[in-house]
Amino acid sequence: MSETGDVYVFDADDTLWMNEWQYSRAYAAFFSHLYEIMGDRMPNIHLVRDVFFKIDGHMFKDYGVRRGRVAESMVLTYRKVCEWIQERFGEELYSEAHEMHIRGIGDSPFDYSKLRFLPGVQETLSHLAGDGSQLCLLTSYDRSVFHSKADRMGLAQWFPQERTRVVEMKKSAEDFIQVSGYAKDEHRDAKTWYTVGNGESDIIPPLEIADNWRGIYIPFGSTSRYFKDDSFAHGFRHQAIDHPRVRTIREFREILY
Ligand SMILES: [Mg+2]
């Protein structure tokens, strides 16, 4: 570990590139597909949506962010809708082919082939690394998919393997300590330790570690369970985190300013 230079722990999804849209697109495709295949036998969208997100919320306990959760939640919702139609109209509409198609929709958020870096990200990371800062990556993502995704995005040029950590649940303060090497760093008190991310769960936990941990918040809302998104009340505009050690910015390259 470098003896000088500050340390940055970056979040990946919706911080370095946008990823949430793939989840939202899958949800929209799933609901739309149900109305396509079951038409005038369908309950209303508010009910279907509530049933789906309730099931998906329960599935988080076992799955966390692992691949399979969304597909499974969609299939369970589909079966529930079929049961309801059976009850209400006395019709059996369940089809194995439809279930297969729905599994495919549920798996689509894990297709990383269309991800692209947000403006200024690559330049900013290279600039920081060139200045002697230590860059770390802490992401909440499916471990089995992460490595091929990291290869495709070329993450190794900024984030060494020993400074990369993938967790499948919500990030804890301990995860930040592990990924950054904070506990073992003899010079830790002389450095500033930054956490950069788009959600409060990327920013708040490490602030408790010590006063020289600071947050750089680039808000972007998500449908994830780990998110508290109150931007709806503000015309989709996210509110800054009100904390003396957190800076809220809009664009990635502002990290350097
Ligand atoms: Mg994120």
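The main-chain N or O of Gly64 is found under 3.5 Å from a side-chain atom of Arg69 such that the two form a donor-acceptor pair. Here the side chain of Asp111 pairs no donor or acceptor atom with the backbone of Ser108 at under 3.5 angstrom. A donor-acceptor pair is defined here as one N or O able to donate and one able to accept, closer than 3.5 Å; such a pair exists between the side chain of Glu168 and the backbone of Arg143. Put simply, the side chain of Thr164 gets close to the backbone of Pro160: a donor and an acceptor are under 3.5 Å apart. Of the possible donor and acceptor atoms, none in the side chain of Arg253 sits under 3.5 Å from a partner among the backbone N and O of Thr124. Counting only distance, with no hydrogens or angles, the side chain of Arg152 and the backbone of Tyr112 share a donor-acceptor pair below 3.5 Å. With Asp56 contributing its side chain and Ser73 its backbone, the two residues share no donor-acceptor pair below 3.5 Å. Side-chain N or O atoms of His33 include none that pairs as donor or acceptor with a backbone N or O of Ile102 at under 3.5 Å. Between the Asp50 side chain and the Leu47 main chain, no donor and acceptor come within less than 3.5 Å of each other. Side-chain atoms of Lys171 come within 3.5 Å of backbone N or O of Leu138 as a donor-acceptor pair.
Counting heavy atoms from C-beta outward, Arg116 and Trp17 have side chains that stay 4.5 Å or more apart. The closest side-chain heavy-atom distance from Phe146 to Leu137 is below 4.5 Å. When side chains are defined from C-beta on, Cys136 does not count as touching Arg165, because their heavy atoms never get closer than 4.5 Å.
Using a 3.5 Å distance cut-off with no hydrogens or angles, the side chains of Asp175 and Ser172 do pair a donor with an acceptor. Inspection of the Glu99 and Tyr94 side chains reveals an N or O donor paired with an N or O acceptor under 3.5 Å.
Pairing each heavy atom of Asp107 with each of Ala71, the nearest pair is N-CB, 4.3 Å.
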Report task. Could you walk me through whether Phe220 and Met18 pass side chain to side chain contact (heavy atoms under 4.5 Å, CB included), step by step? Result -> CA-CA 9 Å; Phe220 190 82; Met18 288 306 178; 3.6 Å; yes
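The neighbour count for Glu96 CD, taken as heavy atoms of other residues, nucleotides or ligands under 6.0 Å away, does not exceed 12.
Proximity of the aromatic rings of Phe52 and Phe30 is defined here by a centroid distance below 6.0 angstrom, and this criterion is met. Between Phe10 and Trp158, a ring centre-to-centre spacing not shorter than 6.0 Å is recorded.
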